[in-house]
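Report on the following structure.
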2 protein chains.
Amino acid sequence: MAVEPSNLIHWKDQVADKQARQKAAIPREWLITPVPEGKLNVMDVPETCGVLTHREIDITGVSDVAVLLNKLANAEWSAVEVTTAFYKRAIIAHQLVNCLTEIFVDKALQRAAELDTYLKEHGKVMGPLHGLPVSLKDQIPIKNLETTMGYAAWVGKYAEDDAVIVKLLLHAGAVPFVRTNLPQTIMWGETHNHVFGRTLHPYNRRHTPGGSSGGESSLISMHGSVLGIGSDIGGSIRVPAHFCGLYGFKPSSNRLPTYGVLNSLDGQESVPSAFGPLSTSLSGITTLVRSILDQEPWNYCPNTVPKPWTTDDYTLKERGGGKKLCFGLMWDEGSVKPLPPIHRALEVTKKALETSGHSVIEWKSSRHSEYVGLARSSFLADGSEDYNSCLTTGEPIINSMDPDADPNHVPAFRIPRAPLSAYHVWQLNKERKELRKMLLDRWQATVSQTGTGRPIDALICPVAPYPAVLHGQTRSSVYTIIWNTMDYPALIIPVTTVDPALDAKPTRESFWSEDDKIVYEMYDPEAFQGLPVGIQLVSPTLQEEVVLGIGEIVDAALKAAKPA
Amino acid sequence: MAVEPSNLIHWKDQVADKQARQKAAIPREWLITPVPEGKLNVMDVPETCGVLTHREIDITGVSDVAVLLNKLANAEWSAVEVTTAFYKRAIIAHQLVNCLTEIFVDKALQRAAELDTYLKEHGKVMGPLHGLPVSLKDQIPIKNLETTMGYAAWVGKYAEDDAVIVKLLLHAGAVPFVRTNLPQTIMWGETHNHVFGRTLHPYNRRHTPGGSSGGESSLISMHGSVLGIGSDIGGSIRVPAHFCGLYGFKPSSNRLPTYGVLNSLDGQESVPSAFGPLSTSLSGITTLVRSILDQEPWNYCPNTVPKPWTTDDYTLKERGGGKKLCFGLMWDEGSVKPLPPIHRALEVTKKALETSGHSVIEWKSSRHSEYVGLARSSFLADGSEDYNSCLTTGEPIINSMDPDADPNHVPAFRIPRAPLSAYHVWQLNKERKELRKMLLDRWQATVSQTGTGRPIDALICPVAPYPAVLHGQTRSSVYTIIWNTMDYPALIIPVTTVDPALDAKPTRESFWSEDDKIVYEMYDPEAFQGLPVGIQLVSPTLQEEVVLGIGEIVDAALKAAKPA
């Protein structure tokens with residue numbers, strides 16, 4: 001019997017090879033010297049390190065994706081200029097927060113040059129994303145590039161084709177330009193793996209930018225990208241967006257195309273993952289979703305629902321144009337109390353909406369833990385066989401995101417469970433159907449309270465009980481994972497930042513749960529100062545246009561409420 | 001420890017109790033005396049047995065559901081009259097072909113009377129199905145009635161609520177009036193169980209009306225109903241419709257609401273079942289689908305895609321109004337050759353379409369058996385635990401639909417398999433994704449052959465390799481089950497009947513497979529004479545409006561082609 005060649009490779013050699021090649025892919029003139037070692041907040045470095053020109057600082061300083069696209073379409077800025085500027089800033093960010101995986105400068109610049117030529121020759125843009133650099137989480141294959149997805153054994157796995165979403169981005173004129181870091185197994189709310197290491201929060205590098213799309217959130221918060229694609233099976237777009245002060249959007253699982261992406265737990269469909277955008281602006285989110293749907297992605301991806309972008313839904317035609325909406329507001333889910341800045345973000349949002357003429361009614365959580373438990377049971381149904389099948393070259397499983405953890409200690413929610421039978425999964429699916437029905441009925445029943453003749457137009461709730469925590473301290477995905485169990489679209493809108501003067505630590509002596517106590521105890525207003533806080537806005541399944549349209553109204557109300 | 005009362009009940013006592021109550025529910029004056037025993041074709045009995053009045057024969061003689069609805073809306077016929085007429089005819093049919101399960105005359109007539117009062121008081125119909133009696137397969141609970149689903153142990157299981165689809169039928173003005181028979185476990189292409197026995201084909205009672213929605217097909221073909229709801233996980237609407245000369249429609253699995261229905265293999269979602277209509281007319285099919293979608297069923301059923309009925313799709317706006325369509329035609333799938341009348345139905349359809357100005361190109365099957373095998377693996381993933389959990393009072397499993405079979409002999413495709421793990425099911429789901437992508441790509445690639453600038457507008461293929469076979473002789477669901485694996489909507493249109501002069505048995509010496517040989521050998525043109533033959537019309541997932549709109553064109557072309 002022949003020895004499998006892969007058995008001869010040690011995972012540490014694979015990692016060393018990959019890291020060396022990644023390092024070599026960085027142009028030397030984009031290196032910062034010296035890299036600031038002890039500095040916690042590195043947000044100012046891109047504009048002070050001397051690598052970017054003034055014009056590049058101007059270009060990468062734009063937050064509103066619509067503005068950037070407009071300047072690209074008018075040829076005020078060329079695609080090569082814009083791609084170069086963002087690439088340089090992404091490489092600067094990478095040196096500070098370790099956010100990138102694949103770096104392919106030449107390929108991206110060549111693509112940008114083609115777009116400039118196209119615009120010159122045709123006098124019009126190639127598509128709605130013309131010239132826009134777009135970052136991609138390291139699950140989204142680009143032809144001829146590796147996709148390691150954080151596994152040593154996958155080093156050297158080159159893609160034979162672009163994922164469908166990459167093809168559609170290209171067709172829309174985008175410039176895929178970097179891929180971004182994620183945690184080993186993807187099933188973590190932080191970002192660390194053996195191949196690329198740990199990604200840091202640029203506001204405070206002792207904190208995590210969240211996960212699993214934490215490469216995206218740290219990169220975008222440093223303006224190394226203004227639009228990226230992540231994935232979310234329990235909060236993996238939403239928690240990083242919230243931690244890093246970004247807009248983030250988890251659509252329903254079958255609205256944007258997933259064919260050709262790589263995934264953890266692939267084939268697990270009871271509580272499926274969704275791919276969606278993170279951005280510095282809501283215009284970035286909406287433009288991305290619309291530009292993909294307008295290409296009829298269901299003709300390329302068999303999992304995508306053939307439901308075109310519906311402008312009437314986005315403009316809230318059947319909701320009076322959005323003039324007088326009624327929101328449900330869930331303050332907490334009953335097991336982990338949100339920390340003061342999280343609660344304040346909800347209060348700020350409520351007041352801003354009421355000031356703008358909308359109404360807000362309370363939404364009491366009900367049997368919340370069953371929605372969370374159902375998702376966890378579904379994810380662990382394989383007895384970890386999926387993870388283990390990816391660790392073929394000796395790479396150890398990562399049992400904690402805590403840098404100081406005993407590597408053999410496994411936290412409770414990660415303890416492997418006995419594999420389930422197919423029949424058991426069928427019973428979970430039946431339970432999920434009942435849970436989905438129960439929440440749908442509660443949503444519909446709000447029609448008696450809203451005064452609008454409609455059920456609540458959207459639900460507002462926390463994204464997590466805390467802002468970005470120290471590395472290894474994320475505990476709880478209970479506020480996000482319920483919307484995966486429901487498969488409801490959920491939009492993250494940044495609201496405020498932690499302010500010790502407003503967000504003092506209260507005295508508490510009794511706690512709702514062990515996690516509640518831990519979360520309370522980890523809070524230190526001074527240490528969390530300045531970290532962003534977002535809220536979550538939710539609509540029923542496949543109503544992406546509705547939640548984005550309402551998101552514009554919430555965002556405008558929040559901006560109007562802010563002191564000048 | 002208390003003894004469970006159910007353990008004291010023997011299944012034969014449960015069956016005897018249920019059968020006695022069913023018999024007692026039939027009004028004595030609707031009994032036929034004598035019931036013709038030896039007669040094979042009983043299609044003439046309803047109009048000759050003396051139970052129906054001339055007016056009732058007129059009412060139940062209508063095939064076009066639109067015509068019937070119009071007469072109800074105009075109060076030319078009252079809902080009570082129409083319900084009485086169809087109830088009587090359904091009871092006549094039942095005595096001949098054993099098609100019913102639940103019989104509830106008073107409840108249905110009371111409902112009909114309410115509709116008549118409503119029309120009188122309001123001067124308008126309650127909804128688009130006003131006054132129409134609708135039959136329901138015995139999986140669809142009606143409040144306060146039993147749903148046995150063919151299991152002895154379920155005798156006495158009364159529903160606490162209507163299924164969502166029943167609520168919406170009621171809201172649309174329909175009169176649910178009978179429930180219809182199905183096979184034990186539902187997973188058969190014929191219709192026989194221990195509680196209600198075997199359902200027969202009214203054209204030839206030695207033959208099966210198909211299954212699993214065989215109660216519906218036999219009832220509707222005798223005009224005991226003009227519209228019924230069945231379910232389909234491998235052909236269970238389509239094969240019965242084809243066998244009995246009806247229109248039948250399997251939508252995508254998540255287009256019409258399923259919440260509240262009972263099902264076999266509930267929770268199995270890799271290849272899910274769909275609920276849909278069977279009818280004497282295409283207008284019945286379309287009116288049913290539209291009347292449900294217009295009520296926004298996704299507000300009541302969490303599994304239903306929020307995709308409104310789209311008239312532009314139905315009128316084929318983006319396909320030139322349907323003036324010049326291009327069809328794919330799959331003559332066979334390569335393992336079981338369709339018998340001569342099946343092949344002729346395809347030829348007749350091709351010619352009719354070409355005569356009407358459309359074009360037809362050949363569609364070669366590719367890796368067809370993998371689509372079939374994937375579905376079977378998914379259905380058997382529980383190691384039969386679902387079936388066994390329903391046989392709690394000693395009822396034996398039915399291993400064959402053949403009345404003369406050794407009850408212990410299990411046909412190959414029914415042999416229980418070892419239960420699969422959740423991880424194994426995930427791998428099947430990945431395989432299904434690749435199969436779905438492969439067929440989608442092939443479909444899209446036809447754009448280079450059609451000459452319309454579009455891929456084929458729909459695909460035409462056989463429903464089964466044979467017309468209605470003798471009891472116990474169904475072999476093969478290969479022509480239908482692929483569209484469950486794909487989750488594509490598929491419409492059955494009746495085309496012709498077996499004519500020994502046109503459908504002679506050819507000489508064949510080599511065969512594609514064991515099933516191919518068996519199907520060839522079972523064919524006897526004289527014995528099959530007069531049995532109906534339909535074709536299957538297929539569109540990509542969730543394009544229900546498109547396949548129904550194109551169905552109108554195919555149906556009209558076929559009718560135009562028929563000798564007057």
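These values consider heavy atoms only, across backbone and side chains, with no hydrogens, waters or symmetry-generated copies. Order of the sequence lines fixes the chain letters, A, B, ..., with proteins taken first and strands second; residue numbering starts at 1 for each chain.
Heavy atoms of B:Asn299 lying under 4.5 Å from chain A belong to its backbone as well as its side chain. Proximity to chain B involves both the backbone and the side chain of A:Asp266, based on heavy atoms less than 4.5 angstrom apart. At a 4.5 Å heavy-atom cutoff, A:Glu431 makes no contact with chain B through either its backbone or its side chain. For a residue to count as touching a neighbouring chain, one of its non-hydrogen atoms must lie under 4.5 Å from one of that chain's; by this rule B:Pro306 touches chain A with backbone and side chain alike. The part of A:Gln444 that comes within reach of chain B is its side chain, from C-beta onward, which places non-hydrogen atoms under 4.5 angstrom from that chain. For chain B, the nearby part of A:Ser389 is the side chain; its heavy atoms alone come within less than 4.5 Å. A:Leu265 touches chain B through backbone and side chain together, each having a heavy atom under 4.5 Å away.
Between chain B and the options A:Gln543, A:Met486, A:Lys430, A:Glu434, the largest number of non-hydrogen pairs under 4.5 Å is found for A:Lys430. Most heavy-atom pairs under 4.5 Å with chain A: of the set B:Asp386, B:Val425, B:Thr541, this distinction falls to B:Asp386.
Between the OG atom of A:Ser253 and the CG atom of A:Leu542 there is a distance of 7.5 Å, given to the nearest 0.5 Å.
With hydrogens and angles disregarded, a donor-acceptor distance shorter than 3.5 Å links the side chain of B:Arg255 to the backbone of B:Lys307. Judged by distance alone, the side chain of A:Asp382 and the main-chain N or O of B:Ala422 form no donor-acceptor pair under 3.5 Å.
Side-chain atoms of B:Thr452 and B:Arg319 include no donor-acceptor pair closer than 3.5 Å.
A:Ser377 pairs in a side chain to side chain donor-acceptor pair (under 3.5 Å) with only one of the listed residues (A:Gln427, A:His424, A:Arg417), which is A:Arg417.
Within the 4.5 Å cutoff, no side-chain heavy atoms of B:Arg432 are placed close to those of A:Pro302. Taking the side chain as every heavy atom from C-beta outward, A:Ile456 and A:Gln449 never approach each other to under 4.5 Å.
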